[in-house]
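Only one structure is covered here, and it is reproduced in the block below.
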Amino acid sequence: MASDLTTWLAYFAIGLTLLFRTVHFIDRGSSALIRLFGAFIFLCGASHLTMVLTLFWGIS
């Protein structure tokens, strides 16, 4: 459980860093690609978060 939480936090931090990079450092050529990659990384982390939430609430 703790490993899933730390993995989720790491993925979340990477996604925020990529978003920060595209907002503050304008890179016109690859901005959309970096945002899509950030969304992919964030959603990978979301799977770890759902594993933790499933432990608490279970599957109905």
Discussion item. Taking side chain to side chain contact (heavy atoms under 4.5 Å, CB included) as the definition, give me every residue that meets it alongside Leu16, ordered by chain and number, with sequence neighbours left out.
Written reply: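 Testing Leu16 for side chain to side chain contact (heavy atoms under 4.5 Å, CB included), a comparison that skips the adjacent residues, returns Phe12.
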When rounded to the nearest 0.5 angstrom, what distance separates [atom1] in [X] from [atom2] in [Y]?
X: Ile41; Y: Ile34; atom1: CD1; atom2: CD1; result: 12.5 Å
X: Phe42; Y: Trp8; atom1: CZ; atom2: CH2; result: 7.0 Å
X: Asp4; Y: Leu9; atom1: CG; atom2: CG; result: 11.0 Å

Worksheet item: Which atoms form the tightest heavy-atom contact between Met1 and Val52, and what is the distance?
Response: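 What the structure gives for the nearest pair is O-CG2, 3.9 Å.
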Worksheet entry | Common cluster, Leu43/Phe37, ILVMFWY with side-chain heavy-atom separation under 4.5 Å |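 No, separate clusters.
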Worksheet item: Any chain of hydrophobic side-chain contacts (each under 4.5 Å) joining Phe56 to Met51?
Response: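 The answer is no; the residues belong to distinct hydrophobic clusters.
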